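Everything quoted here is computed from the prediction, not taken from an experiment. Residue numbering restarts at 1 for every chain, and letters A, B, ... go by the order of the sequence lines.
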2 protein chains.
Amino acid sequence: MDGPLRTVERTMRLLSELGASLEPLSLAELSRRLGLGKATVRRFLLSLEELGYVGRDARGAYSALPALGRIVAQPAAAVSRQVAGELRELAAETGTGISLGVLRGQEVLYLWREPPGSAAGVVLGEGARLPAHATAIGKILLAQLAPEAVAEIYGDTPPRAFTPRTIVSLPLLLGALQEIRRQGWALSDGELEEGLTAAAVPVYDRAGGLRWALNAASPGHRLAPAAFATDVVPALMRAAGRIGAIES
Amino acid sequence: MDGPLRTVERTMRLLSELGASLEPLSLAELSRRLGLGKATVRRFLLSLEELGYVGRDARGAYSALPALGRIVAQPAAAVSRQVAGELRELAAETGTGISLGVLRGQEVLYLWREPPGSAAGVVLGEGARLPAHATAIGKILLAQLAPEAVAEIYGDTPPRAFTPRTIVSLPLLLGALQEIRRQGWALSDGELEEGLTAAAVPVYDRAGGLRWALNAASPGHRLAPAAFATDVVPALMRAAGRIGAIES
DNA sequence: GCAAAGTGTATCGCACAATGAAACGCAAGG
DNA sequence: CCTTGCGTTTCATTGTGCGATACACTTTGC
């Protein structure tokens, strides 16, 4: 075996091209960008259209449809009504922004994100991704992994700096994770964005396996970092227990 | 030609399966779910791994990597530093949450989303998607299209209701869009979520073509709907002018 | 008005890429 | 120890995906 399957590579190149463009692209244009014959590109497009991943406008030009984005954001469907209720309650109780996420490579994939102060419970931002090493939720998720696994994830690309407080080396990160593991929860104090503080705890299922992580964030120093440890984290832990007990 | 290209269909099925699962999946498990031979599935996985779309953990199980999500969120890269500066300024000026997005089928794809009240400018939620017909930004984007184009988009699936105020039929939507087109900006008053108000304006590039739409949202009745028309919209319009003038 | 260039669409025979059965080594578990 | 399930490798076969070519049609330029 050598090299990727030709058709797979072409499929991904095509999707990538469509996803990158804000305007719909014509068949001829795509054919040129991909360096493939029109007939070939057309067959790919018709296939993807039939599958519901691309659509065509009135002029016949192609563009990526929401279904494509949903491929990766599908996990959002995993958040049941019952879990959602718990999350909203938690948001009201703590007055912070609550998120739920899983680890995907070096990033956290959010399944639920509720901005702080949204009285009516505005659910926004599922499907978003943020760097794991600079967020509380990311660190608590990384802390569930063996150090070697973390090292492999960051193998070639070291953690990137966002603020002066961001952890920017693998050894430092591993050290921080060990401490977090011991402590049972993670804090990010302005590591992603100046003035943004967050705490996170893991959510285990009934069998004791990691299911998600739960995050409480408070922007703009509305809540002192110290207040997280005393007030927010206990509430997070209680909620994580309740949520973990819910049948998936 | 009949039916989708086999390899394309299999590629998408595989990605879909990987994206839907929160835990990494083993080769054998995927082979079973797809109903394909292990050898075949393996070649697909190796291809996608080489292309950087899937990764494997220590135990060899496969999972989707962030790169997959980035296929569709790539447009986020289209927001330059200069544009970002304008957005932050606008957020500070209006005290609302500012978003930037484009239309993708029936949904708005957000390129930038900043929650209200984030003093330091927390950039979150690019790549998220929300239904176009229930958001201000979605309606202003739809209003740029010909009515027939809108009708085609909603052809088989009528607008879904989220609150009692959501527009739930195509004729009503087309009527609202006409009014919006005349007015030059759109308002969503609790159409997506009770108590969430937002206004949006289009952003044209120098050639006069539609580039994006700009949205200002204020949750929890912090700002009265009437205040949008008098205070927020003019600020939005000014910002849209400045942003549209920026070279892409 | 007519070229000319560009578009999307349809056809078709061939090469070879992709396929799945089968066999192998290995680790885990009963 | 045998069994079961896993990932990996090999291999001959075949039918799938390929692109050159040709066609109808619209847009553009003069």
Side-chain angles (χ1 to χ4, degrees), chain A residues 1-18 21-65 146 148-149 152 207-209, chain B residues 1-18 21-65 146 148-149 152 207-209:
Chain A
M1 150 139 18
D2 37 358
L5 248 49
R6 192 168 44 148
T7 315
V8 172
E9 193 238 278
R10 290 180 174 181
T11 304
M12 300 316 288
R13 284 237 319 281
L14 178 51
L15 289 179
S16 204
E17 209 64 59
L18 279 176
S21 164
L22 293 181
E23 287 115 38
L25 294 174
S26 74
L27 171 59
E29 176 63 22
L30 279 167
S31 165
R32 245 174 285 115
R33 295 200 190 185
L34 297 174
L36 298 174
K38 282 190 295 179
T40 305
V41 175
R42 193 171 119 88
R43 254 169 298 131
F44 274 91
L45 286 169
L46 289 179
S47 301
L48 289 168
E49 184 185 13
E50 189 165 338
L51 295 171
Y53 292 109
V54 314
R56 32 202 334 194
D57 63 12
R59 275 181 304 285
Y62 294 88
S63 61
L65 287 184
E148 306 82 51
E152 197 187 344
Chain B
M1 148 142 16
D2 36 359
L5 249 50
R6 192 169 45 147
T7 315
V8 172
E9 192 239 277
R10 291 181 173 180
T11 304
M12 300 316 288
R13 284 239 317 281
L14 178 52
L15 289 179
S16 204
E17 210 64 59
L18 279 176
S21 164
L22 293 180
E23 285 115 40
L25 294 174
S26 73
L27 171 59
E29 176 63 22
L30 279 167
S31 165
R32 244 175 285 115
R33 295 199 191 187
L34 297 175
L36 298 175
K38 283 190 293 179
T40 306
V41 175
R42 193 172 119 88
R43 254 169 300 123
F44 274 93
L45 286 169
L46 290 179
S47 301
L48 288 168
E49 184 185 13
E50 188 164 342
L51 294 171
Y53 292 109
V54 314
R56 34 202 332 195
D57 64 11
R59 275 182 303 287
Y62 294 87
S63 61
L65 288 185
E148 306 83 51
E152 197 187 344

request  = Starting at atom CG of A:Leu46, determine the distance to atom C1' of D:dG17, rounded to an integer number of angstrom.
outcome  = 14 Å
key: Side chain to side chain, B:Phe44 and A:Thr7, heavy atoms closer than 4.5 Å   = no
inquiry  = Taking A:Val41's backbone N and O only, do any of them form a donor-acceptor pair with A:Ser31's side chain (distance below 3.5 Å, no angle check)?
reply    = no
key: Whole-Å gap separating C1' (D:dC6) and CG (B:Leu25)   = 15 Å
query = Between A:Glu49 (CD) and C:dG8 (C1'), how many Å, whole number?
reply = 13 Å
ask   = Rounding to a whole Å, what distance do you find between A:Arg10:CZ and D:dG17:P?
value = 12 Å
query = Just how far, in rounded Å, is P of D:dG19 from CG of B:Leu5?
reply = 11 Å
query = Of the nucleotides C:dA17, C:dT19, D:dT8, which has the atom closest to the A:Arg6 side chain?
reply = C:dA17
Residues within residues 29-40 of chain A bordering DNA chain C, heavy-atom distance below 4.0 Å = A:Arg32, A:Lys38, A:Ala39
query = Going through the distances and angles, do A:Ser21 and A:Tyr62 end up as a side chain to side chain contact (heavy atoms under 4.5 Å, CB included)?
reply = CA-CA 10 Å; A:Ser21 164; A:Tyr62 294 88; over 6 Å; no
inquiry  = Is there a side-chain contact between A:Val8 and B:Arg43 in this structure, where contact means two heavy atoms from C-beta onward sitting under 4.5 Å apart?
reply    = no
ask   = The side chain of B:Arg43 lies closest to which of these nucleotides: D:dG7, D:dC18, C:dT19?
value = C:dT19
task = Would you check if A:Glu17 and A:Leu30 make a side-chain contact, meaning some heavy-atom pair closer than 4.5 Å?
result = yes
ask   = Distance-only, no hydrogens or angles: does the A:Arg13 side chain make a donor-acceptor pair with backbone N or O of A:Leu34 under 3.5 Å?
value = yes
ask   = What's the OH-P distance between A:Tyr62 and C:dT7, to the nearest Å?
value = 14 Å
query = Are any of A:Thr7's side-chain N or O atoms less than 4.0 Å away from OP1 or OP2 of D:dT16?
reply = no
task = Report the distance from atom CG of A:Leu48 to atom C1' of D:dG17, rounded to the nearest whole Å.
result = 15 Å
request  = Mind checking salt bridge (Lys or Arg N to Asp or Glu O under 4.0 Å) for B:Glu29 and listing every partner two or more places apart, or none if nothing turns up?
outcome  = B:Arg32, B:Arg33
query = Quick one: A:Glu9 CD to D:dC18 C1', roughly how many Å, whole number?
reply = 15 Å
